[in-house]
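Just so you know, these numbers use all the heavy atoms, side chains as well, and skip hydrogens, waters and symmetry mates. As the structure is a prediction and not an experimental result, all values here were calculated from the model.
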Amino acid sequence: QVQLVESGGGLVQAGGSLRLSCAASGRTSSSVHMGWFRRAPGKEREFVSAISWSGERAYYADGVKGRFTISRDNAKNTVYLQMNSLKPEDTAVYYCAADLSAVLFAGTAKYWGQGTQVTISS
């Protein structure tokens, strides 16, 4: 089992920045691929970004490329999502996710956090 706890959400103006953190714990937390998804009001959950367990591979949704950066610190079992140039359409609940397999990069995961709200005002 892997437990995920997100932090760092909040309210910022358009053009601002936020950094989300997700701390993983559990027996296999150091070897899981990790990522971020989001669900905006009235919309389905969508993939945002993911990073391999080693940190060597990172993937981004087209809408966040060049603005968001994912990274991880395996010594702390923590993944980060640095979000810059935020737009009102980035408003959503952001969920941390993890999986031992590469299905995470295909848009699904076995383990989920509870989510953190990100609100961007115009």
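Contact detail for R39 and R45: the closest heavy-atom pair is NH1-N, 3.6 Å. When all heavy atoms of Q1 and Y111 are compared, the closest pair comes out as OE1-CE2, 3.2 Å. The nearest pair of heavy atoms linking A109 to A97 is CB-CB, 3.6 Å. For the pair S71 and I51, the tightest heavy-atom approach, listed with the atom from each and the gap, is CA-CD1, 3.8 Å. Contact detail for S17 and N84: the closest heavy-atom pair is OG-OD1, 2.9 Å. When every heavy atom of V79 is checked against every heavy atom of C96, the shortest pair comes out as CG1-SG, 4.0 Å.
Interatomic distance, OG of S25 versus CG of N77, reported as 8.0 Å (0.5 Å rounding). With values rounded to the nearest 0.5 angstrom, S49 atom OG is found 11.5 Å from M34 atom CE. Note: W53 CH2 to L100 CG = 11.5 Å, rounded to the nearest 0.5 Å. Interatomic distance, Q13 CD to S121 OG, rounded to the nearest 0.5 Å: 5.0 Å. Note that CZ of R72 and NE2 of H33 are 8.5 Å apart. Values are rounded to the nearest 0.5 Å.
Looking at V48, L18, L20 one by one, the single match for side chain to side chain contact (heavy atoms under 4.5 Å, CB included) with F68 turns out to be V48.
I70 and Y59 are assigned to two separate hydrophobic clusters, defined by single-linkage of ILVMFWY side chains at heavy-atom distances under 4.5 Å. Note on L4: it does not cluster hydrophobically with L104, by side-chain heavy-atom contacts below 4.5 Å among ILVMFWY residues. Two different hydrophobic clusters hold W36 and F105 under the rule that ILVMFWY side chains link at heavy-atom gaps under 4.5 Å. Residues Y60 and V118 share a single hydrophobic cluster, defined by chaining ILVMFWY side chains whose heavy atoms lie under 4.5 Å apart.
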Open item on the list: Between D90 and K87, is the salt bridge (Lys or Arg N to Asp or Glu O under 4.0 Å) condition met? List the steps.
Closed with: CA-CA 5 Å; D90 293 318; K87 305 175 182 179; over 6 Å; no

- [ ] Check the pair V5, Q3 against side chain to side chain contact (heavy atoms under 4.5 Å, CB included), reporting the backbone distance first and the verdict last.
- [x] CA-CA 7 Å; V5 179; Q3 293 78 43; 5.6 Å; no

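Side chains of L81 and R38 form no contact here, defined as non-hydrogen atoms less than 4.5 Å apart. In this structure, the side chains of T91 and Q117 come closer than 4.5 Å at one or more pairs of heavy atoms.
Ring-plane geometry between F37 and F47 is classed as perpendicular, the angle between the planes exceeding 60 degrees on a 0 to 90 degree scale with a lower cut at 30. In this pair, Y95 and W112 present their aromatic rings perpendicular. The plane angle is above 60°, beyond the 30 to 60° band.
The backbone N or O of E6 sits nowhere less than 3.5 Å from a side-chain atom of Q114 that would complete a donor-acceptor pair. When atom types are taken as modelled, the side chain of S85 and the backbone of R67 share no donor-acceptor pair closer than 3.5 angstrom.
The side chain to side chain donor-acceptor pair (under 3.5 Å) check on S101 picks up D99, with sequence neighbours excluded.
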